[in-house]
**Q** 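Before anything else, here's the structure in question.
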Amino acid sequence: AAAAVRRILGAARPDVIIANSLAVTWVARAADPMGRVPIVNVAHGWPEGGYRLVGPLLRAAARVVAVSPEVRDRLIAAGLPSHRARVVFNGVDLTELAPRTGPARASAREALGAGESDVLVLCVGRTSAQKAHHHVISLAVMLRERHPELRYAIVGEGHRDAELARLVADAGVAHLV
């Protein structure tokens, strides 16, 4: 892989390499061991124990763009020099997220278990420990009596699907989540 990237670097002569994974960062560094082309790694986060391993390895990048202050702080605590880390929040084109009306809205809400007058809380992301979806379930338990109009939808897939389904059932909030 490094040889292929080295050929591309020679032909394209880019000003920067954007790497969206640790593996790509290291392939790019192997292709350009002298660091002629700066590498910017985009750090989305790792499972709890991963930061102590990843932080020092990200020194291969000239800069690390963390998607949140928490990710940046954890990488710095794990050994990434602070001057290399910056936070840039993910951008979202809100045009596609404009409020839906009429049948489209009713259909989407019905699919998520929410009626027209319910307040729908939507949590979107892969179901991994670092996304902490269990907090949504805790909120449903804490607020169900004071705010019976709240409905919660967890949208995503991952290795915690069965665990989260059990938590919902055990908490007695399947009608809310």
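These numbers were taken from a predicted model, which means no experiment stands behind them.
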**Q** Applying side chain to side chain contact (heavy atoms under 4.5 Å, CB included), can you list everything that pairs with L57, at least two apart in sequence or on another chain?
**A**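 Checked L57 against side chain to side chain contact (heavy atoms under 4.5 Å, CB included); matches are L22, W26.
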**Q** Would you check if V155 and L112 make a side-chain contact, meaning some heavy-atom pair closer than 4.5 Å?
**A**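 Of all side-chain heavy-atom pairs linking L112 with V155, at least one is under 4.5 Å.
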**Q** Quick one: pull up CG in N41 and CZ in R84 and give me the separation to the nearest 0.5 Å.
**A**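 Those atoms lie 11.5 Å apart.
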**Q** Has R151 got a side-chain atom pairing as donor or acceptor with A114's backbone, closer than 3.5 angstrom?
**A**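 No; judged by distance alone, with no hydrogens or angles, the pair does not exist.
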**Q** Would you indicate whether the side-chain heavy atoms of L164 and I137 approach each other to under 4.5 Å?
**A**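 In contact.
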**Q** If you look only at pairs with a residue in residues 52-78, which of them pass as a salt bridge (charged side-chain N to carboxylate O under 4.0 Å, His left out), with sequence neighbours excluded?
**A**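 Sorted pair list: E48-R74, E70-R74.
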**Q** Check whether any side-chain heavy atom of V119 lies under 4.5 Å from a side-chain heavy atom of H147, and answer yes or no.
**A**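 SC-SC contact between V119 and H147 ruled out.
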**Q** According to the side-chain hydrogen bond (donor to acceptor under 3.5 Å, both in side chains) rule, which pairs have a member within residues 106-120, sequence neighbours left out?
**A**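 Checked against side-chain hydrogen bond (donor to acceptor under 3.5 Å, both in side chains) - neighbours excluded - the pairs reaching residues 106-120 are R105-E116.
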**Q** Go through V65 and I18 one step at a time and tell me if the side chain to side chain contact (heavy atoms under 4.5 Å, CB included) criterion holds.
**A** CA-CA 10 Å; V65 173; I18 305 296; over 6 Å; no
**Q** Do S68 and V87 make a side-chain contact, defined as non-hydrogen atoms from C-beta onward lying under 4.5 Å apart?
**A**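 No; the side chains remain at least 4.5 Å from each other.
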**Q** Check this for me: E149, atom CD, are more than 12 non-hydrogen atoms of other residues, nucleotides or ligands nearer than 6.0 Å?
**A**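 Enclosed.
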**Q** For a 4.5 angstrom cut-off between non-hydrogen side-chain atoms, does L75 reach W46?
**A**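 L75 reaches W46 side chain to side chain.
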